[in-house]
Amino acid sequence: MAVSYEDTDREKKWGVKESLTMKGLKKRINKLLSWTVCMVAARADVASLLLVFAVKMWLFYRLVGMGVSASAFIISLLAVASLLLCGNLLPAAWRFPFLIIADGGLSLVLFVDTLYHSYFHDVTSVSLLRQIGQVGDIGDSIVSLTNWTCAVYFLDIPLLIVVYRWKMKRVILTYQTRVTKTARRIAALSIPALLVVGTTVHVERTVAQVPGFLDARYSNKALLQALGIYHYHLYDMYQYSKLSLGGKEASSSELEEVRQWFWEHNSKLPPGPLFGRAKGQNVIVVQEESLQAFVVDLKVNGQEVTPHLNQLMREGLAFPHYYDQTHHGRTSDGEFNSLVSLYPSSIAGSIYFNFAENEFDSMPKVLKQHGYATVSAHAYTGAFWNRAVMHRNLGFEQSFFMEDLKPGESFGWGLTDEAFFEQMNEKMEALPKPFFAFLISLSNHHPFEVPPEYKQLDLGELEGTFMGNYLHSSHYADQALGHLIRLLKQNGLYDSSILVVYGDHDAGVPEEELRKIGIVPKYERQYDKVPMVIYSSALADLNGTVQEQVSGHLDLTPTLLYLLGIPQEGHYFMGQRLFDFPDDQRLVVFRDGSYVTQTSAFITRDGLFESGKYYERDSGEPLTVEAAKERFLTAQERLKLSDLMLEGDLFSVLQRMSDERR
Ligand code: GP9
Ligand code: MN
């Protein structure tokens, strides 16, 4: 067949080249494949271990009942591969023993976490492992509880040794000669490079989804789930060492400054008429999730949002100017500020994680010393916010978390508040008297979506909005509180106890949502108040009053100890009691350096005086900022002293000092 010049040209131009390229491509692919096979065979030990670790990690996530993203899984495998490839740096004879040791170490991490999880429903961290001895006699229990299926993590070790001796060693030696040293080096270096790139991309993506995620640690498991098991442990070690190395070592003059401050504010303060008024009564404190003060007495379409709380406030003492003093630690800060009466930490993350090994002065500890049975409870898992560890550290003899409560009616994060209160009421009835019970509610949690059958309010236009959801949810929480009060009235605990109800922190309601119910803040924090009410039959002359003094979470412990007649002398609480204290000396300090007084509010976002604004607290009218300076410095001093207490773990040091002086 005649072929025209044109056709030949086209063939030359496209067809011939195409077939040549295809051939070349195929050849190249084949070459690459056989090179890869040689490379894998040349490191058959590492390759098989990687496969084994993929299975082990899958098993781990199954055993602890946790999901994991593909990218977290891949970067974990890359981390394992990078460690295993470190063996390349060793003399040939050492490489296999190194792999076995690395396999053992990496498997041990999986083993310990699985075991720890089966006992504590959490995964380990350096801090938790350091405290393991303090968490009771768990050594024996761990051995008896050991889920021996976990031993499966180590099964590959003897198997690998046998296979290596039997055939693998020869395969490795044979194939090593087929790939050049340079190629092997390039392959080995590409793994750590991939690890670095993969980790960076993965972490950036995770942080973009949840800003501040790495710092604001609220759960070990959540961090592990996001980062993958080995990255989690490395990050935990990094955080731990950063904190231990960066801890503030208080100088002797600082120590003296702290001692002096507490002496003046805790020991020198003379008692007034209400001291010891409620001596011997039980103490029941209910920390209400996300309950903000603006719901108190609020009516929507003629319906009260929190009728039971309002009623309790009419029966007891209402504190309409009680401020939320929490910071990064959210609920856990609410607990800490209220029970320990120190400020939240300036260090990113929760005190419950960062300072879990500290020794604290706290209300449950003091009450225990005064013969009280102490109990805490929360219907979510004890690992969240590290509560199981911290509540014990703070002095609670017994704590009940999701794992310890009976299953029952639930929505959202767990048991409904009503079911929770019901169980806790039974437990309180059975406690030796006097007791201190600290109950943390849960149902009113963001995003405040209560199931339709629990929605009782007719909200009109607010229905379906953020505010509408929040009101339904707060109304539910209030109903549950009403149920608790009813139970306490029935069994007589209402009149033999001091009952305190306060909100843990703001609900994060956006300003445009507040406007929907007619609230227009004139300055930030103006509505950052939480409800606070104290009822005690011993305060009969005061019950039914509205107490206008400005206050906050830190004031809870000094107030309750005062009512119980327990002197604050020798204790280390920074709050101010709500009674028998001059109002013009009241100062409620926030972590960011802002503060409120009885009449004014100084608000700064970055802790700098220069960027702060000063207002009349009630009206929101601006005031000349220079007038705020003196109190600003006082507030700064308090934050500094609190940080010293926390970061220098000073409680025991100060106690020793005071013992020596006696
Ligand atoms: C969970 C509950 C909620 O245990 O305390 O915590 P939060 O998100 O409010 O800090
Ligand atoms: Mn909370």
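Values reported hereafter were calculated over all heavy atoms of this structure, with side chains retained and with hydrogens, waters and symmetry mates removed.
Checking Trp261, Phe262, Phe360, Trp263 one by one against Tyr572, the ring-ring contact (aromatic ring centres under 6.0 Å, His included) holds for a single residue, Phe262. Of the candidates His505, Arg591, Met574, His553, His553 is the only one forming a side chain to side chain contact (heavy atoms under 4.5 Å, CB included) with Asn337.
In this structure, Arg314 places its CZ atom where more than 12 heavy-atom neighbours from other residues, nucleotides or ligands lie under 6.0 Å away. Within 6.0 Å of CD on Gln369 lie more than 12 heavy atoms contributed by other residues, nucleotides or ligands. The local environment of NZ in Lys427 is crowded, with over 12 non-hydrogen atoms from other residues, nucleotides or ligands closer than 6.0 Å. Residue Glu429 places its CD atom among more than 12 non-hydrogen atoms of other residues, nucleotides or ligands, all under 6.0 Å distant. Around the NZ atom of Lys279, the shell of radius 6.0 Å holds no more than 12 heavy atoms that belong to other residues, nucleotides or ligands.
Residues His327 and Asp333 bring no donor and acceptor atom of their side chains to less than 3.5 Å of each other. A donor-acceptor contact closer than 3.5 angstrom is absent between the side chains of Tyr322 and Gln547. For the residue pair Glu335/Tyr352, the side-chain donor-acceptor check at 3.5 Å is satisfied. Looking at Ser537 and Gln281, their side chains do bring a donor and an acceptor atom within 3.5 Å of each other. Side chains of Ser441 and Glu289: no donor on one and acceptor on the other come within 3.5 Å.
Ser127 and Glu357 get closest at one heavy-atom pair: CA-OE2, 3.2 Å. Ser345 and Leu646 get closest at one heavy-atom pair: CB-CD2, 3.6 Å. Between Gly575 and Ser341 the shortest heavy-atom distance is N-OG, 2.8 Å. When every heavy atom of Gln636 is checked against every heavy atom of Gly593, the shortest pair comes out as NE2-CA, 3.9 Å. Taking all atoms of both residues into account, the shortest heavy-atom contact from Phe448 to Ser290 is CE2-CB, 3.7 Å. Nearest heavy-atom pair across Ser619 and Glu616 is OG-OE1, 2.5 Å.
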Could you walk me through whether Tyr502 and Leu291 pass side-chain contact (heavy atoms from CB on, under 4.5 Å), step by step? CA-CA 8 Å; Tyr502 68 86; Leu291 205 60; over 6 Å; no
Using the rule given for side-chain hydrogen bond (donor to acceptor under 3.5 Å, both in side chains), can you reason through Thr331 versus Gln287, listing the C-alpha separation, both sets of side-chain angles and the distance that settles it, and then say yes or no? CA-CA 9 Å; Thr331 310; Gln287 179 174 290; 5.3 Å; no
Take Leu488 and Met428 through the side-chain contact (heavy atoms from CB on, under 4.5 Å) test and state the conclusion after the steps. CA-CA 10 Å; Leu488 296 177; Met428 288 191 290; 3.9 Å; yes
Evaluate side-chain contact (heavy atoms from CB on, under 4.5 Å) for Phe602 paired with Val625, printing each intermediate quantity in order. CA-CA 8 Å; Phe602 173 77; Val625 75; 3.9 Å; yes
Stepwise, does the side-chain contact (heavy atoms from CB on, under 4.5 Å) test hold for Gln398 with Leu431? CA-CA 11 Å; Gln398 286 187 81; Leu431 280 174; 3.8 Å; yes
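A salt bridge is defined here as a Lys NZ or Arg NE, NH1 or NH2 lying under 4.0 Å from an Asp or Glu carboxylate O, and Glu256 with Arg259 meets this definition. For the pair Arg277 and Asp580, the salt-bridge criterion is not met [side-chain N within less than 4.0 Å of a carboxylate O]. Ion pairing between Asp506 and Arg330 holds under the 4.0 Å rule for side-chain N and carboxylate O. With respect to Lys640 and Asp643, no salt bridge is recorded, no charged nitrogen being found less than 4.0 Å from a carboxylate O.
In this structure, the side chain of Thr374 does not engage the main chain of Leu367 through any donor-acceptor pair within 3.5 Å. Under a 3.5 Å cut-off, the side chain of Gln292 and the backbone N or O of Ala507 do form a donor-acceptor pair. Formation of a donor-acceptor pair under 3.5 Å by the Glu513 side chain with backbone atoms of Val509 is not found in this model. Remark: side-chain polar atoms of Asn393 are paired, donor with acceptor, to backbone N or O of Ala356 under 3.5 angstrom. When atom types are taken as modelled, the side chain of Ser497 and the backbone of Tyr494 share no donor-acceptor pair closer than 3.5 angstrom. In this structure, Gln549 contributes its side chain and Leu578 its backbone to a donor-acceptor pair below 3.5 Å. No side-chain donor-acceptor contact under 3.5 Å links Asp495 to the backbone of Lys489. Counting only distance, with no hydrogens or angles, the side chain of Ser642 and the backbone of Arg638 share no donor-acceptor pair below 3.5 Å. The backbone N or O of Glu630 lies less than 3.5 Å from a partner atom in the side chain of Thr634, making a donor-acceptor pair.
Under the ring-ring contact (aromatic ring centres under 6.0 Å, His included) criterion, Phe590 pairs with Tyr323, sequence neighbours left out. Residues that satisfy the side-chain contact (heavy atoms from CB on, under 4.5 Å) test with Thr597, not counting sequence neighbours, are Leu587, Tyr595, Thr599, Ser600, Arg631.
In this structure, His391 has its ring center closer than 6.0 angstrom to the ring center of Phe401. Between Tyr527 and Phe294, the gap from one ring centroid to the other reaches at least 6.0 Å. Checked against a 6.0 Å centroid threshold, the rings of Phe436 and Tyr372 do not count as neighbours. Proximity of the aromatic rings of Phe579 and Tyr562 is defined here by a centroid distance below 6.0 angstrom, and this criterion is not met.
In this structure, the separation between OG1 on Thr545 and CG on Leu539 is 9.0 Å, given to the nearest 0.5 Å. Taken to the nearest 0.5 Å, the CZ atom of Phe435 stands 7.0 Å off from the OG atom of Ser496. Note that CZ of Phe573 and OG of Ser362 are 6.5 Å apart. Values are rounded to the nearest 0.5 Å. For the atom pair NZ (Lys529) and CZ (Phe319), the distance works out to 14.0 Å, reported to the nearest 0.5 Å. In this structure, Ile485 CD1 and Tyr535 OH are separated by 10.5 Å, a value rounded to the nearest 0.5 Å. Summarising the geometry, atom CG belonging to Leu309 is positioned 6.0 Å from atom CG belonging to Asp478; distances are rounded to the nearest 0.5 Å.
Side-chain contact between Val340 and Ile351 is absent, with no heavy-atom pair separated by less than 4.5 Å. Considering only heavy atoms from C-beta on, Leu493 comes within 4.5 Å of Asn282 through its side chain. Between Asp236 and Thr124, the closest side-chain pair of non-hydrogen atoms is not below 4.5 Å. In this structure, the side chains of Arg617 and Gln598 come closer than 4.5 Å at one or more pairs of heavy atoms. Residues Asn310 and Val296 form a side-chain contact, since some pair of their non-hydrogen atoms from C-beta on lies under 4.5 Å apart. Residues Met363 and Leu556 form a side-chain contact, since some pair of their non-hydrogen atoms from C-beta on lies under 4.5 Å apart. Put simply, the side chain of Glu548 reaches to within 4.5 Å of the side chain of Pro320, judged on heavy atoms. Side-chain contact between Ile534 and Thr559 is present, with heavy atoms from C-beta onward closer than 4.5 Å.
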